Amino acid sequence: MAESKPGFEVRLANFTGPFDLLLGLIAKHQLDITEVALATVTDEFIKYIRNLQKLGGEWALDEASEFLVIAATLLDIKAARLLPAGEVEDDEDMALLEARDLLFARLLQYKAFKHVAGLLGESLHQEAMRFPRQVALEEHFAAMLPELVWKHTPEQFAALAETALRPKAPKPTEVGLAHLHGGNVSVKEQAEIIGLRLQRESPLTFRAMIADAESTLVVVARFLALLELFRDKAVSFDQLSPLADLAVHWTAGGRQWSADNLSEEFEEQL
Amino acid sequence: MTREAPEATQPGEEDLENLPGGAKAAVEAVLMVIDQPATEEELAAGLGLTVEKVSGLLAELQREYSGYTVKAPDMDQASHAGFGSSPRGFELRNIAGGWRIYSRTDFADIVGKYVLEGQTARLTQAALETLAVIAYRQPVSRARVSAIRGVNVDSVVRTLAQRGLIEDSGTDPESGAMLYRTTSYFLERMGIGSVAELPQLSPHLPGLDGIAEYYDAEGI
Amino acid sequence: MTREAPEATQPGEEDLENLPGGAKAAVEAVLMVIDQPATEEELAAGLGLTVEKVSGLLAELQREYSGYTVKAPDMDQASHAGFGSSPRGFELRNIAGGWRIYSRTDFADIVGKYVLEGQTARLTQAALETLAVIAYRQPVSRARVSAIRGVNVDSVVRTLAQRGLIEDSGTDPESGAMLYRTTSYFLERMGIGSVAELPQLSPHLPGLDGIAEYYDAEGI
């Protein structure tokens, strides 16, 4: 956020100050992400953006999309932080801890690029104050250029124009997107899978629920899906002792349940 | 030296003299990058100087570039007044009332050889496609052609203009961008009498309207 | 001064020295007509001089334009060796691997009035961040840039390509995805010689040793 404008300030029970500072504290582990009320931050941000729009600030959109990226990552981290934080007992816990660190790394990386983007912008601005000599060739030199070889008929030229003007076909990137992302993992999709599974057999341990997960992302998505289901009162948990297996009970009964009813929060794909 | 009262928004002579190299360097800075010759009046207006002052500076620069030792009346050290005794590789010429910097005529052979090195008689595919877009969508700005082609076309447009295939056609009243159209030399090479004789394109191709929306959305 | 043995067809240093201003002015003359940066090798080949000689002349010109008094070892009158103590309105810079004349920054406001074309609007924050990711991770696919930025970057990538700041760099042999890299125009606009001169990313990115592997493992 540029220095020229005040920027977004957060007012929470345990923190008041610029949003950037809040991120900095979380990054330095001086503030526990689980103690930050993200919902309050979001509400305040929406208020802040509305004010910007009222003032006719054109940066509102930029700042809003930036906030969304950070908030989504914070949410991911926060959810991952709710995992048992005790000793690492097996590969499965290890995988979950790594997932948490990677999410955190993703936030740091995003902030690093945001920072160098500012430096690039500054360089581009400084350089724009110099103008290169870029003049048309002096006439006597232009006259020396070899006579143009032109062998296009009007029809061939028209064909060329057709090619040039036709909207470009989507680049291969679009086609392969799903597998490039290592398979986009959708929290909603995973909620559907575990929802159906729990309706067939309840209770199930979390361990059993992720036994067939083909990647860490799927594990994280299923965990997030469970949190969502819990909030929607579709499941309940019990755990006999700390770090013991987590048993998940289906509590929605036979009533109409569909993953489509999940809150929009996790629309974004991991 | 008389001092003029420049308009409030103009840099003005006093401000210019505080910059490194002073008003003379400011004139030089402009001359080095302009493509079209500038008149003394244009230079004076842009710099916030009087025409007399600009005339004097131009004459001084012209002498310096040609290697005459300059003894400006208000300079103490003539030896430091600018270019010394040896002529530069460029010269300042006044052609039809406009001033521009050109490479020095003595080096015409060398420069000509350098320029011709690697020049081909054929247009590249990129140049041909750009020409096709301009021919069918003229008058059109460079930015629009870039949007259609998906790449920056600045240098290709320069080449086409240099080859006499396209030319300036005024500025877009809305955006102020320079517009381009094809020339009569282009028609000659195509063997047609007017652009109306170019073969019709398929009606399904997006016109400029579609591009315009897309382009405005990009905020370019 | 050592004299090189020029090829028979080249103008060669001896011929150049007979022209007013000598080899240095010849280099200057060529710099006046080029419309993109020229490398020392190109200048040497075009002028029939060695690369070392051209390097030396370019460095000398650069100093002269910036207003340092030049004392070239083979000149008798140092005070007449070239530009004197006051800086010119232009400067000679080595950018993106080539040499080119630019107007001096001090005169940006004044020159800007004459050079409307080529002045581009500032990039949005989204475009700058996308450009940063591509610059530091090139060659890189759109999908990977999206993953790092957390948003869809398709339209921003299109804009950057239209501006000539990035270009296609073939496809990834494994995924078949189109890869992007920055252009030499990007280096020009940044005023640097190569991407190696970009500010270091790592100080801003602590403890991220694992991140590359993460992306690789995910096949992004």
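Fair warning: this is a prediction, and the values are worked out from it, not measured in the lab. As a basis for the values below, the full set of heavy atoms in this structure was taken, side chains included, without hydrogen atoms, waters or symmetry mates. In what follows, every chain begins at residue 1, and chains take the letters A, B, ... in the order their sequences are listed.
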Q: Return the option, out of A:His125, A:Met129, A:Arg130, with the maximum number of heavy-atom pairs under 4.5 Å with chain C.
A: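 Of A:His125, A:Met129, A:Arg130, A:Arg130 has the most heavy-atom pairs under 4.5 Å with chain C.
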Q: Which atoms of C:Leu198 come close to chain A, meaning under 4.5 Å heavy atom to heavy atom: side chain ones, backbone ones, both, or neither?
A: side chain
Q: The test is side-chain hydrogen bond (donor to acceptor under 3.5 Å, both in side chains); show your working for C:Glu91 and C:Ser66 and say whether it passes.
A: CA-CA 7 Å; C:Glu91 53 189 338; C:Ser66 293; 5.3 Å; no
Q: For A:Leu137, is it the side chain, the backbone, both or neither that has a heavy atom under 4.5 Å from a heavy atom of chain C?
A: side chain
Q: Less than 4.5 Å to any heavy atom of chain A: does that hold for the side chain of C:Ile101, its backbone, both, or neither?
A: both
Q: Looking at C:Tyr102, I'd like to know if the NZ or CZ of C:Arg93 sits under 6.0 Å from its six-membered ring centre while staying within 45 degrees of the ring's axis.
A: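 Cation-pi check for C:Arg93 and C:Tyr102: passes.
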Q: Just to verify, what does A:Glu139 make a side-chain contact (heavy atoms from CB on, under 4.5 Å) with, not counting sequence neighbours?
A: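 Partners of A:Glu139 under the side-chain contact (heavy atoms from CB on, under 4.5 Å) test: none.
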Q: Going through the distances and angles, do C:Glu167 and C:Thr183 end up as a side-chain hydrogen bond (donor to acceptor under 3.5 Å, both in side chains)?
A: CA-CA 6 Å; C:Glu167 63 189 0; C:Thr183 60; 5.7 Å; no
